[in-house]
**Q** 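My questions all concern the structure below.
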There are 4 protein chains.
Amino acid sequence: MLIQIDYHNGVPIYRQVLDQLRQQIVSGQLSEGQQLVSVRDLASELKVNPMTISKAYALLEMEGLVERRRGIGLFVAKVPKQRQSEIKTRIVQQILDRAVSTAIQLGIPQEQFQQLIARLFEKYDRQERQP
Amino acid sequence: MLIQIDYHNGVPIYRQVLDQLRQQIVSGQLSEGQQLVSVRDLASELKVNPMTISKAYALLEMEGLVERRRGIGLFVAKVPKQRQSEIKTRIVQQILDRAVSTAIQLGIPQEQFQQLIARLFEKYDRQERQP
Amino acid sequence: MLIQIDYHNGVPIYRQVLDQLRQQIVSGQLSEGQQLVSVRDLASELKVNPMTISKAYALLEMEGLVERRRGIGLFVAKVPKQRQSEIKTRIVQQILDRAVSTAIQLGIPQEQFQQLIARLFEKYDRQERQP
Amino acid sequence: MLIQIDYHNGVPIYRQVLDQLRQQIVSGQLSEGQQLVSVRDLASELKVNPMTISKAYALLEMEGLVERRRGIGLFVAKVPKQRQSEIKTRIVQQILDRAVSTAIQLGIPQEQFQQLIARLFEKYDRQERQP
DNA sequence: GTGGTCTAGACCACA
DNA sequence: GTGGTCTAGACCACT
């Protein structure tokens, strides 16, 4: 399965689908021209209402990351390398901004902050090698 | 007391109040034994319904960060230094976790990630000196 | 689902709902995965404002006894047998603690105390057989 | 100090004062004709609003356990032995009733219930010997 | 359909 | 004065 849904963390399901697809596109896991799984199939795979998937796909289309070919389906759009990298940076930067401003408000020194990050990178590195 | 509400970002008001008060308590801006602004006063200050504030206060009490003295008001509870620092770390770590896992998924190398952080710290440092 | 509200005993309605649901869950009358009556339905059944029910449900969720499935409803969560029995014991012990400490302060001997209990158990046994 | 107030358990302070005085009277710790501490003194001793003590005293008077002698103060009333014992039993029975009915609803067998009680009696016995 | 949030205004117990 | 509870009704996001 390509998408992981957490049904209990409060993040809307369509948002989880949207975010993960966006990431897969800009990171190249889904490549240009590749067809997306149909709304119906993905919905039944995730045991989720088709409307939910449909909403995620529509938003993805509005972002220009995906193209609709009528009667056929949705395909990953051509995204210029530069735009890809912009999106990537933007995604991370948005989250980081909150983290840093919070840390400063809490008086957590930059060194401790960097340590937390190093630990998290280790954690994910381990997971990647043996998921 | 300074609380900033963004009425249009979708985050429930009571949550914004709750989060900011929690931060002020664990960061020491609100100190032990200090009385919180009354529900009615804070509500009128923020131009918000008293129940909204009440809800935030109730959750804060359930977290044990605040104590009710019946008929008098709410006061910042004694929070052991260790618990304070646990909460602080937890708050930051929650946000950071998302940032790091996203960065990894996007293939952003740790070096670039650290650069982004350094830049953000600079930005907030500047703001602090001359807000 | 059977919930009895006493509108005049001073105990908040949301508390009565909360306590009774909690008991029904840990006693197994509501079983894992079962869907709770919707906020609106229970509210109209008890002739009470939906927010009152909502509050009880929210607290039940915070206790981890119930899970939200967004847009669908609330369901009884998986509660490990051990946790169930802890909660049960805690509920009874809280009440008993007061009873025993009071009895001791009043100089009521343990024998008389046990007699009172035996009589009460008889009374409820009778009721159960022919309510 | 003769009265212990718990400021954080939600029980109204006047009620804690009332209950404890009632118990002290029917258990003979306060004997017939003995003068109660003045409202003012007890209030300052407990660091509590005098109105709170006053309310407890007034309710005690309504129960007939205490007599007001105008200009002098309040005195423990003559309470016939039988009435004393009735009150004692009633106090304990009220609390026990809830405990037993709850235990039955939760399916806690009488044996386990008795064990809980035995344990509690031990606990309080220990405390009495070395408080 | 579901639950979550918020409002305006009321009443209550407590101190 | 304090906070707690409740109502009636509204709007929202999610499924």
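Residue numbers start from 1 in every chain, and the chains themselves are labelled A, B, ... in the order their sequence lines are given, proteins ahead of strands.
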**Q** Would you say B:Glu86 and B:Thr89 are linked by a side-chain donor-acceptor pair, where the criterion is simply a distance under 3.5 Å?
**A** no

**Q** Is the phosphate of F:dG3 approached by B:Ser54 (side-chain N or O, under 4.0 Å from OP1 or OP2)?
**A**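 No, no such contact exists.
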
**Q** Report the distance from atom CD of C:Glu61 to atom C1' of E:dG3, rounded to the nearest whole Å.
**A**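 Whole-Å distance recorded here is 10 Å.
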
**Q** Go along nucleotides 10-15 of chain E 5' to 3' and tag each nucleotide: B for a protein heavy atom under 4.0 Å from its base, S when only backbone or sugar atoms are that close, - otherwise.
**A** ----BS

**Q** Nearest whole Å is fine: how far is F:dC12 C1' from B:Asn9 CG?
**A** 14 Å

**Q** To the nearest angstrom, how far is C:Asp6 atom CG from F:dC6 atom P?
**A**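 Checked: the CG to P distance equals 12 Å.
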
**Q** Whole-Å distance between F:dG4 C1' and B:Ile53 CD1?
**A** 15 Å

**Q** Sort and list the pairs that fulfil salt bridge (charged side-chain N to carboxylate O under 4.0 Å, His left out) and have at least one residue in residues 91-103 of chain B, not counting sequence neighbours.
**A**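 Only A:Lys123-B:Asp97 qualify under salt bridge (charged side-chain N to carboxylate O under 4.0 Å, His left out).
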
**Q** Whole angstrom is fine here: how far is it from CZ in B:Arg68 over to C1' in F:dT5?
**A** 12 Å

**Q** Just checking, A:Arg69 and A:Phe75: is the charged tip under 6.0 Å from the six-membered ring centre and within 45° of the axis?
**A**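 Because its charged atom sits under 6.0 Å from the ring centre and within 45° of the axis, A:Arg69 does stack over A:Phe75.
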
**Q** Over all heavy atoms of both residues, which pair between B:Thr102 and A:Ile91 is shortest? Give the atoms and the distance, please.
**A**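 Closest approach of B:Thr102 to A:Ile91: CG2-CG2, 3.6 Å.
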
**Q** Dot-bracket for DNA chain E, 5' to 3', with Watson-Crick and G-U pairs under 3.5 Å, [ ] for crossing pairs and | for other-strand pairs: what is it?
**A** ||||||||||||||.

**Q** In whole Å, I'd like the distance from the OH atom of A:Tyr7 to the C1' atom of E:dT2.
**A** 17 Å

**Q** Could you give the CG-to-C1' distance, from B:Leu18 to E:dG4, as a whole number of Å?
**A**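 In whole Å, E:dG4 C1' lies 15 Å from B:Leu18 CG.
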
**Q** Rounded to the nearest angstrom, tell me the gap between atom CG in A:Leu46 and atom P in F:dT15.
**A** 12 Å

